[in-house]
Amino acid sequence: MKKILPFLTIVVIIAIVSIIFLSMSNSKQMVVLKENNKEQIPLEITLGKYQDSDCGMIINNLEYVSQVISNDGKTWFFHDHGGMANWLKDKSFKDSAKIWVMSKDTKKYIDGRTAWYSKTDATPMRYGFGAYEMKQDGFITFDEMRLKMLRGESLANPLYRKEILGK
């Protein structure tokens with residue numbers, strides 16, 4: 001009995017580890033990329049199931065969500081417009097991609113290239129760029145937002161944040 005007990009313990013541990021790995025492999029995979037969006041329309045995002053293509057975080061809120069669609073219909077998802085601009089910077093299709101952003105004022109997807117961007121919103125990655133359909137004082141264009149993001153002029157930069165917000 002003393003010789004069987006250690007062997008039995010090892011078998012039970014291996015069985016438990018195997019069950020854990022099998023249950024993890026059967027779990028639903030996160031969505032980072034969707035293909036075949038030939039119409040280049042914004043796709044429905046299921047909260048908690050989609051992953052940001054720039055930072056890898058799970059998308060749990062649609063308030064600052066963006067989608068980038070290449071000419072071949074591939075769609076990437078982002079939970080912060082600044083992260084979308086950061087991710088797009090070195091893509092060969094950056095100038096031809098269709099960009100959809102969730103508008104803070106109208107609560108619908110709008111063209112990201114014609115949207116107006118605030119510089120002080122409390123976004124998930126703290127970049128500060130909220131998208132709006134209607135222009136307000138201090139708002140900037142997509143190209144200005146992208147340039148600021150690439151220069152590090154976002155609220156994620158403590159020096160810039162102090163300059164803009166005074167804190």
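By convention here, the first residue in the shown sequence is residue 1.
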- Task: Can you label the angle between the Tyr132 ring and the Phe139 ring as parallel, tilted or perpendicular, going by 30° and 60°?
- Result: tilted
- Query: Using the ring of each side chain (for Trp, its six-membered ring), is Tyr117 parallel, tilted or perpendicular to Phe142, with breaks at 30° and 60°?
  - Reply: tilted
Could you give the distance from [atom1] ([X]) to [atom2] ([Y]), rounded to the nearest 0.5 Å?
| X | Y | atom1 | atom2 | value |
| --- | --- | --- | --- | --- |
| Thr46 | Glu44 | OG1 | CD | 5.5 Å |
| Gln40 | Ile99 | CD | CD1 | 11.0 Å |
| Phe129 | Ile140 | CZ | CD1 | 5.0 Å |
| Met149 | Met84 | CE | CE | 10.0 Å |
| Asp54 | Lys89 | CG | NZ | 7.5 Å |
| Met145 | His81 | CE | NE2 | 7.5 Å |

- Message: Looking at Lys91, I want to see if its NZ is surrounded by more than 12 non-hydrogen atoms of other residues, nucleotides or ligands under 6.0 Å.
- Response: yes
- Item | NZ/Lys104: more than 12 non-hydrogen atoms of other groups inside 6.0 Å | yes
Would you call [X] and [Y] a side-chain contact if the rule is heavy atoms closer than 4.5 Å?
| X | Y | answer |
| --- | --- | --- |
| Arg151 | Tyr160 | no |
| Tyr109 | Val65 | yes |
| Ile110 | Lys108 | yes |

Hydrophobic cluster membership, with links at side-chain heavy-atom distances under 4.5 Å among I/L/V/M/F/W/Y: are [X] and [Y] in one?
| X | Y | value |
| --- | --- | --- |
| Leu88 | Leu147 | no |
| Met57 | Leu62 | no |
| Leu47 | Tyr50 | yes |
| Phe77 | Val68 | no |
| Phe78 | Met125 | yes |

So, does [X] use its side chain to make a donor-acceptor pair with the main chain of [Y] at under 3.5 Å?
| X | Y | result |
| --- | --- | --- |
| Lys74 | Lys34 | no |
| Arg113 | Ala97 | yes |
| Gln67 | Thr75 | no |

- Atom of Tyr64, atom of Ala122 and distance for their closest heavy-atom approach: CE1-O, 3.7 Å
- Correct closest heavy-atom pair for Val101 and Ala131 would be CG2-CB, 3.6 Å
- Task: Identify the residue among Cys55, Ser154, Pro124 that makes a side chain to side chain contact (heavy atoms under 4.5 Å, CB included) with Asp80.
- Result: Pro124
- Message: Ignoring hydrogens and geometry beyond distance, is a side-chain donor-acceptor pair present between Ser103 and Glu133 at under 3.5 Å?
- Response: no
- Task: Could you tell me whether the side chains of Asp121 and Thr123 share a donor-acceptor contact shorter than 3.5 Å?
- Result: no
- Quiz item: cation-pi between Lys98 and Trp100, 6.0 Å / 45°: yes
- Apply side-chain hydrogen bond (donor to acceptor under 3.5 Å, both in side chains) to the pair Thr141 and Asp143, showing each step before the final yes or no. CA-CA 5 Å; Thr141 66; Asp143 289 332; 5.3 Å; no
